[in-house]
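Quick notes on the structure that follows.
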There are 2 protein chains.
Amino acid sequence: MRYMAKQKSKHHHGNLRSALISEGIHILEVDGVAGLSLRKIATAAGVSHAAPAHHFKGKTALLVAIAAYGFRIFTDFMQEGRENAGPGPHEQILGLCQGYLDFAEKHGALFELIFSTEIKSHADKDLQNASLRAFQLLEETCALFEPSRYAEKGNEIMVWSLVHGYATLRIHNKLMLQSDGSEMPFELILPRLDPKNSNLLK
Amino acid sequence: MRYMAKQKSKHHHGNLRSALISEGIHILEVDGVAGLSLRKIATAAGVSHAAPAHHFKGKTALLVAIAAYGFRIFTDFMQEGRENAGPGPHEQILGLCQGYLDFAEKHGALFELIFSTEIKSHADKDLQNASLRAFQLLEETCALFEPSRYAEKGNEIMVWSLVHGYATLRIHNKLMLQSDGSEMPFELILPRLDPKNSNLLK
DNA sequence: CGTTAATCTTGACGGTGTAAAGTTCAATGC
DNA sequence: GCATTGAACTTTACACCGTCAAGATTAACG
């Protein structure tokens with residue numbers, strides 16, 4: 001259900017594998033990580049509860065595949081955030097972070113899944129590639145700045161830690177409030193970095 | 001077992017409630033969050049699987065109690081990190097963060113639990129107090145610096161986000177490496193803040 | 001000493017992931 | 001054209017899980 005097989009049903013189902021991932025993401029957004037079970041996914045895809053075993057080694061393997069897909073959505077959000085931002089280096093990195101935060105807010109369960117210890121510990125190639133691409137997008141954006149004076153990739157890891165911490169704390173913390181009750185905007189805690197080629201235009 | 005009741009066994013067990021929390025933390029360190037079940041905790045405490053229901057409303061309530069205890073350990077780690085650091089403001093905040101990171105490393109499962117969405121969403125008073133105390137310790141340390149020019153509590157939230165993001169990313173990411181393969185030290189990404197009363201001694 | 005209430009046990013229920021065995025069916029070889 | 005093969009899926013079963021209801025035990029109290 002809810003998922004239209006692209007090719008006419010060949011064997012019994014057609015393309016169960018991608019359907020399971022698709023249904024998994026859907027259930028994730030509805031019931032959260034806690035409500036995501038293999039049997040529920042299988043039922044949603046219209047197959048018996050043991051059918052997924054022929055496409056994924058176990059529940060974790062299916063979750064890993066879902067997470068890899070989630071990572072690509074995550075990367076798209078960051079990319080889009082960048083494109084919607086102004087051309088300046090600071091605007092660019094801020095836009096990327098805004099995409100980061102938008103994803104965490106709109107796809108909270110998926111965000112929780114892709115950064116859960118159960119998933120990241122399993123060394124799946126597809127997942128690692130998807131995860132790496134996300135970080136590379138950040139690296140590209142950080143390349144607009146002079147590298148950190150203190151350590152190689154210092155800027156990258158500083159920004160990544162900052163935005164990731166901000167995102168996770170915002171999800172389950174109410175500590176991020178200013179005294180007037182409004183939320184602390186992320187741009188106010190992101191340090192300004194030295195733009196590269198700052199001798200050209202300014 | 002493994003836990004000695006302090007008072008001679010009164011009813012049947014004595015003080016099941018605290019024993020369950022204690023056993024829960026122990027199992028957590030051995031089997032991780034995924035391996036932590038109500039029945040396992042009950043068995044470890046030497047009672048039947050339904051006994052915990054008389055002390056905690058459900059599994060989540062027990063986990064919340066464990067998390068509250070974990071938050072106090074967490075706060076102790078930060079306190080100790082501060083005390084082991086030098087007297088300067090930057091050394092103090094760095095020491096606190098080091099305690100933060102030590103806790104995340106040595107008590108990874110507990111760290112995962114206390115910041116899990118399942119726990120933090122439940123509004124338990126004891127948990128909130130324990131959680132608040134942790135943040136207050138950070139606020140005290142940030143009081144050694146001039147407040148952020150950009151936003152109230154800007155320093156607090158910046159440091160908290162930074163160290164939290166660094167800790168969580170370090171747990172399940174291998175991206176924090178410099179080109180020589182060594183880990184990026186936290187002190188290299190923590191921006192220097194303006195110490196308060198900087199006109200006195202220097 | 002009898003009552004009461006808290007503590008804990010026992011048993012049962014539906015749900016979970018996983019493994020084994022059986023069934024269906026498309027593709028392949030002759 | 002037809003039997004064979006093997007993949008896809010189903011059925012059945014098992015151990016474990018959280019939770020609930022009912023019963024047993026025992027401390028505390030009048």
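Note on naming: letters A, B, ... go to the chains in the order of the sequence lines (proteins, then strands), and numbering restarts at 1 for each one. Owing to the predicted nature of the structure, the values given are computational and were not obtained by experimental measurement.
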Original post:
Quick one: B/Asn15 CG to C/dA6 C1', roughly how many Å, whole number?
Top reply: 15 Å
**OP:** Please list, chain by chain and in numerical order, all residues satisfying ring pair (Phe, Tyr, Trp, His ring centres under 6.0 Å) with B/His107, sequence neighbours excluded.
**Re:** B/Phe77, B/Phe103
Subject >> Under 3.5 Å donor-acceptor pair, A/Arg39 side-chain atoms to C/dG17 base atoms >> reply: yes
**OP:** Mind calculating the distance between CG (B/Leu62) and C1' (D/dC17) to the nearest angstrom?
**Re:** 14 Å
**OP:** Scan residues 49-58 of chain B against DNA chain C and write down, sorted by residue number, each residue with any heavy atom closer than 4.0 Å; if none is found, say none.
**Re:** B/His49, B/Ala50, B/Ala51, B/His54, B/His55
Original post:
Can you name the salt bridge (Lys or Arg N to Asp or Glu O under 4.0 Å) partners of B/Glu105, sequence neighbours left out?
Top reply: B/Arg170
Original post:
In Å and rounded to the nearest 0.5 Å, what is the OG to CG distance from B/Ser22 to B/Leu16?
Top reply: 11.5 Å
**OP:** Might you point out which heavy atoms bring B/Glu156 and B/Glu139 nearest each other, and give the distance in Å?
**Re:** CG-CG, 3.8 Å
**OP:** For B/Val47 and for A/Lys59, locate the closest nucleotide of DNA chain C by heavy-atom distance; then report the residue assigned to the nucleotide nearer the 5' terminus.
**Re:** B/Val47
Original post:
Just by distance, do the side chain of A/Asn84 and the backbone of A/Gly95 share a donor-acceptor pair under 3.5 Å?
Top reply: no
Original post:
Whole Å only: how far is the CD1 atom of B/Ile41 from the P atom of D/dC17?
Top reply: 11 Å
Original post:
Taking NZ from B/Lys40 and C1' from D/dC16, how many angstroms apart are they, rounded to a whole number?
Top reply: 10 Å
**OP:** Pick base, sugar-phosphate or nothing for A/Ser48, based on heavy-atom distances below 4.0 Å to the nucleic acid.
**Re:** base
**OP:** Check A/Tyr166 against A/Ile189 and note the closest heavy-atom contact, atom names and distance.
**Re:** CD1-CD1, 3.6 Å
Original post:
Do A/Leu190 and A/His90 touch side chain to side chain, with heavy atoms closer than 4.5 Å?
Top reply: yes
Subject >> Axis-to-axis angle between the two ends of the helix from C/dC1-D/dG30 to C/dC30-D/dG1 (five base pairs per end, rounded to 10 degrees) >> reply: 10°
Original post:
Taking only residues at least two apart or on different chains, which pairs with a member in residues 28-53 of chain B satisfy salt bridge (charged side-chain N to carboxylate O under 4.0 Å, His left out)?
Top reply: B/Asp31-B/Lys40
Original post:
For A/Arg192, which residues count as a salt bridge (Lys or Arg N to Asp or Glu O under 4.0 Å) partner, sequence neighbours excluded?
Top reply: none
**OP:** Grab the CG-C1' distance between B/Leu16 and D/dT26 for me, whole Å please.
**Re:** 15 Å
Subject >> Rounded distance in Å - CG (B/Leu20) to C1' (D/dG18) >> reply: 15 Å
